[in-house]
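So the structure is just underneath, and the comments pick up after that.
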Amino acid sequence: MELRQLRYFVRAVELGSMGRAALDLGVVQSALSQQISRLEGELATRLLQRSARGVLPTEAGAAFFREAQLTLRHAEQAQRAAQSARLTGTVSIGLAPTTAAVLALPLMRAMRERYPDVRLHMVESLSGHLGAMLNARQLDLAVLFSTQASRRWSVQPLLDEKLLLMRARRHMPQPPDSGRPVSMRALAALPLILPTHTHGLRGAIDAAALRARVSLRLVAEIDSLAMLMEAVDAGFGATVQPGAALGRYGDAAERFHLAPLADRQAIRRNAVCSLSDDELSPAALAVRVMMADVARGLVASGHWPGATLVYPD
């Protein structure tokens, strides 16, 4: 099996046509067809269904296509690495908005210092969307939450975050028990602004409410962290978030009252999730180690509010 054959096959599937693939690759169509036929013969299975309208992968071809894409990607990165004494490549990373607020810039700084030739592709999105992107191999790594972990991934538990009640100081009076743990019954009496059920955080909050047998009083559901915190700051209601949600507020202590939830199970476990080790490039493996190291350093230095490290058994 040759990389050339994989390249021909992948391009034919991507373009849906042997003719267009041959034109794109700069080879004659007969040569491209011959190489794909040899590949099918070596694998003893049909990879493409050919018709007058083009080509489509068979079931075996679709499975082979995904692995061929990874092989070509790793081959290109290996070539770049061989041409340089330093680690190179592009690594795609997914972070939920709260996580990005605390981790993104320190990670980028650390990577620039340690691996300047590795290019990061950073994606900030809802955790559910990031999980889908990881499954589709559109991401190499993501920091996700334990309730979302898939058996298909490599999962490294990282840290636990306390969930905090957050209220705007200028719009809500100073509570007499400010800073003390808040019961779920007291929380249920407040107007709340929370993310929707597609957000991993909402599951932890709803589970705490279910344990306490209370119903929460929602005044709005917002899936944008920036918009949600603006609404809280404007006095539309309170919210429950991990401390990392305040990572982009330099004056958070002056803006918000903060108090932990009394339910000790109301935490969010963060884990570094990735494709399996054999699917990750050397650059991605290095980024995974760096991501965990930076996160631990932020917790140890107090720059990840309300977080405690999780150590493997």
Side-chain angles (χ1 to χ4, degrees), residues 3 6-7 10-11 13-15 65-145 148-150 152-156 158-159 198-200 223-226 244-245 247-248 270-298 304:
L3 287 176
L6 299 184
R7 194 173 295 112
V10 165
R11 203 66 184 127
V13 172
E14 290 174 340
L15 296 177
F65 173 71
R66 292 190 293 270
E67 300 302 325
Q69 283 183 308
L70 286 170
T71 299
L72 291 173
R73 179 181 173 186
H74 291 172
E76 291 171 359
Q77 291 176 337
Q79 183 179 9
R80 288 195 295 268
Q83 294 169 346
S84 172
R86 296 187 292 190
L87 195 64
T88 64
T90 299
V91 181
S92 53
I93 302 168
L95 300 174
T98 49
T99 312
V102 118
L103 180 60
L105 288 181
L107 175 62
M108 292 172 68
R109 292 191 190 100
M111 287 298 301
R112 184 172 61 183
E113 293 175 5
R114 181 67 180 84
Y115 300 111
D117 294 332
V118 174
R119 184 174 63 185
L120 298 182
H121 171 210
M122 307 287 286
V123 177
E124 180 180 312
S125 186
L126 294 181
S127 53
H129 184 216
L130 296 176
M133 292 181 70
L134 192 58
N135 278 332
R137 292 177 169 79
Q138 295 171 325
L139 293 174
D140 295 306
L141 308 159
V143 176
L144 298 175
F145 313 118
Q148 302 169 297
S150 167
R152 300 171 55 186
W153 306 335
S154 172
V155 178
Q156 178 184 347
L158 186 59
L159 57 90
T198 59
H199 199 289
D223 280 337
S224 162
L225 177 64
R248 294 186 173 121
N270 292 247
V272 179
C273 302
S274 69
L275 302 177
S276 61
D277 288 7
D278 58 352
E279 293 182 79
L280 291 179
S281 67
L285 290 169
V287 172
R288 187 173 66 182
V289 172
M290 180 65 73
M291 183 184 295
D293 287 347
V294 170
R296 292 189 183 103
L298 290 169
W304 196 314

Distance, nearest 0.5 Å, that separates CG of L134 from OG of S274: 7.0 Å
Any residue meeting side chain to side chain contact (heavy atoms under 4.5 Å, CB included) with L72, in chain and number order, not counting sequence neighbours: L3, L6, R7, V10
Taking only Lys NZ, Arg NE, NH1 and NH2, and the carboxylate oxygens of Asp or Glu, determine whether R73 and E76 approach each other closer than 4.0 Å. no
Against R288, only a single residue in V91, I93, D140, V272 fulfils side-chain contact (heavy atoms from CB on, under 4.5 Å); can you say which? V272
Starting at CH2 of W304, measure out to CG of N270 and round the result to the nearest 0.5 Å. 5.5 Å
Hey, are the side chains of Q69 and R137 touching, using non-hydrogen atoms and a 4.5 Å cut-off? no
Pairing residues for S125 by the side-chain hydrogen bond (donor to acceptor under 3.5 Å, both in side chains) criterion, not counting sequence neighbours: H129
Between NE2 of H121 and OG1 of T90, what distance do you get to the nearest 0.5 Å? 9.5 Å
Greater than 12 external heavy atoms within 6.0 Å of R119's CZ: no
d(D117 CG, M111 CE) to nearest 0.5 Å is 10.0 Å
Other residues, nucleotides, ligands: >12 heavy atoms within 6.0 Å of M122 CE: yes
Which atom names give the shortest non-hydrogen contact between A96 and L130, and what distance separates them? N-CD1, 3.5 Å
